[in-house]
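Notes to accompany the following structure.
Note that ligands are numbered from 1 as they come in the structure, with each ligand's atoms numbered from 1 the same way. FYI, side chains are in, hydrogens and waters are out, and symmetry mates aren't considered; it's all heavy atoms of this structure.
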Amino acid sequence: MKFSDYPVHALMEIIERPPLVFVRGQGSWLWDSEGRRYLDFIQGWAVNALGHSPEPLVRALAEQAATLVNCSPAFYNAQAARLAALLTANGGLDRVFFANSGAEANEGAIKLARKWGALHRDGAYEIVTFENAFHGRTLATMAASKKPGWDRLFEPKAPGFPTATLNDLASVERAITPRTVGVMVEPIQGEAGVIPARPEFLRGLAALARERGLLLILDEIQTGIGRTGKLFAYEHAGVRPDIMTLGKGIGGGVPLAALCATEAVSCFAYGDQGGTFCGNALAAAAGIAVLETVLAPGFLDGVAERGRYLADALATLSRRRGLGEVRGQGLLVALELGRDAGKEVVARARERGLLINSPRPSALRFMPALNVSREEIDQAVATVDAVLAELGG
Ligand SMILES: *Cc1c(COP(=O)(O)O)cnc(C)c1O
């Protein structure tokens, strides 16, 4: 079918979308309604951890759909329990609450920190967050986010989110008051353009939090579940958070997120937290399929290895074409173009059958499936090269 055959006018306009309708995906590839094929280095925003419709996910969903979809969060189900145990056995702290989106998991993290502050810190509730941070699109998570321009949206803002500067420990100290209960940070600021928090900074933050009796809250929604070559990005820095949130890749494309916390911080009382779809068996089965694949021997080493291969290829391209820095870790990588050509490069790459994203006007972001092949990486980099040649860059 043609684009004009689809009733897209019935959808609310929330973002500028190209005149395409995607109808099928397999691995690193997507097909539009006119049969054109695209190499997908967006993967639903680092969501399809194993690519489109991977066999373990398809099988788990089909079997679970035929067995039990949802029995209410007021009952235990086997899949949610198994997934929580898989997470906690592999660095996902001690207790897990499942949610349906990253923003919802972060809302839960904010609530849990405030509850802990009410119980143990005399009602402290402020959570220090960082310039350019992205934590979601609910009212509280938008207030916690420091995306340029968001400060004037949907007023009045939820209070209690003082701002510090990433990789500047002194700015965090300045933001701390007697009302502060925690610090929330992304190990790599994804939406800001793949800006890594330095390992020394994360260690300093963990030490500062311990010294001041504050909670270290890591938003691993984009960096978790193998994206950086380790199951969780905090492992690179050797810190242990008190609270961690997961989303995106954990469901392999199915809506699933998680709020993880240490035993000491897991202080919700009955009725404090919940949600109709939270921990439903279908989404949890998807999470188990993803996690078992990512935890299989050698898989994460492969992610790290393919990440280096991608970063090396982009660095070579950057040197040859006089572009800027390549940054990130594992398969979350950005290329700085040195000029505000991101939007143009993204559009022309799409015309050539490559889907990439430009989180900032001057940067391209690459977040392929964790099982992307070297040939697919070569093809993506060659397409970007061809686009830059066309643009005379
Ligand atoms: C995507 C993202 C979120 C929000 O997740 P949603 O599922 O879109 O609500 C929060 N934090 C980070 C770091 C993210 O990348």
Side-chain angles (χ1 to χ4, degrees), residues 12 14-15 41-49 97-113 127-148 150 153-154 158 161 166 182-197 202 205 216-228 231-234 236-237 241 243-260 275 277-280 283 286-287 290 327-334 357-360 363 365-368 370:
M12 278 196 198
I14 50 152
I15 191 168
F41 271 47
I42 294 178
Q43 288 289 358
W45 258 252
V47 161
N48 307 314
F97 169 79
F98 291 112
N100 311 289
S101 72
E104 191 187 2
N106 279 342
E107 283 274 344
I110 294 164
K111 286 169 66 177
L112 188 62
I127 297 172
V128 178
T129 62
F130 291 86
E131 284 164 10
N132 299 312
F134 182 80
H135 297 298
R137 293 174 178 280
T138 59
L139 285 171
T141 57
M142 281 188 86
S145 299
K146 303 291 159 67
K147 212 173 144 90
W150 276 18
L153 269 176
F154 311 126
F161 300 100
L166 194 70
V183 180
M184 178 152 82
V185 66
E186 300 156 83
I188 300 174
Q189 288 188 331
E191 300 312 298
V194 190
I195 313 291
L202 287 178
L205 207 55
L216 178 63
I217 306 168
L218 292 186
D219 179 344
E220 291 243 21
I221 288 166
Q222 192 156 146
T223 53
I225 314 296
R227 179 57 49 187
T228 68
L231 190 60
F232 305 114
Y234 76 71
H236 294 289
I243 297 176
M244 171 172 69
T245 51
L246 303 169
K248 295 208 160 84
I250 189 174
V254 172
L256 177 65
L259 161 62
C260 308
F277 299 115
C278 292
N280 71 80
V290 170
R327 51 174 188 259
Q329 190 143 32
L331 287 169
L332 179 58
V333 182
N357 151 262
S358 170
R360 293 219 139 164
R365 178 170 46 172
F366 301 81
M367 38 191 168
L370 300 182

Quiz item: So do the side chains of Leu331 and Gln43 get within less than 4.5 Å of each other, counting heavy atoms only?
Solution: no
Quiz item: So do the side chains of Phe130 and Lys146 get within less than 4.5 Å of each other, counting heavy atoms only?
Solution: no
[atom]: the protein heavy-atom neighbour that sits closest, reported with distance to 0.1 Å:
atom: atom 7 (O) of ligand 1; value: Gly102 N, 2.8 Å
atom: atom 11 (N) of ligand 1; value: Asp219 OD2, 2.7 Å
atom: atom 3 (C) of ligand 1; value: Phe134 CE2, 3.6 Å

Quiz item: Do you know the tightest heavy-atom contact between Ala192 and Arg360?
Solution: O-NE, 2.9 Å
For [X], counting its heavy atoms only, list the atoms of ligand 1 lying under 4.0 Å from any of them.
X: Asn106; answer: 10 (C), 11 (N)
X: Glu186; answer: 13 (C)
X: Gln222; answer: 15 (O)
X: Ser101; answer: 7 (O), 9 (O)

Quiz item: So which of Glu186, Arg227, Glu191 actually passes side-chain hydrogen bond (donor to acceptor under 3.5 Å, both in side chains) with Gln222?
Solution: Glu191
Quiz prompt | Test applied, side-chain hydrogen bond (donor to acceptor under 3.5 Å, both in side chains); reference residue, Thr228; option that passes from His236, Gln329, Glu220 | solution = His236
Self-check item: Flag for Thr129-His135: side-chain donor and acceptor within less than 3.5 Å
Solution: no
Practice problem: For atom 15 (O) of ligand 1, state which one of Glu191, Lys248, Glu220 supplies the nearest heavy atom. | Solution: Lys248
Quiz item: About how many Å separate CG of Leu246 and CZ of Phe98, when rounded to the nearest 0.5 Å?
Solution: 9.0 Å
Quiz prompt | Ala103 N/O under 3.5 Å from ligand 1 N/O | solution = yes
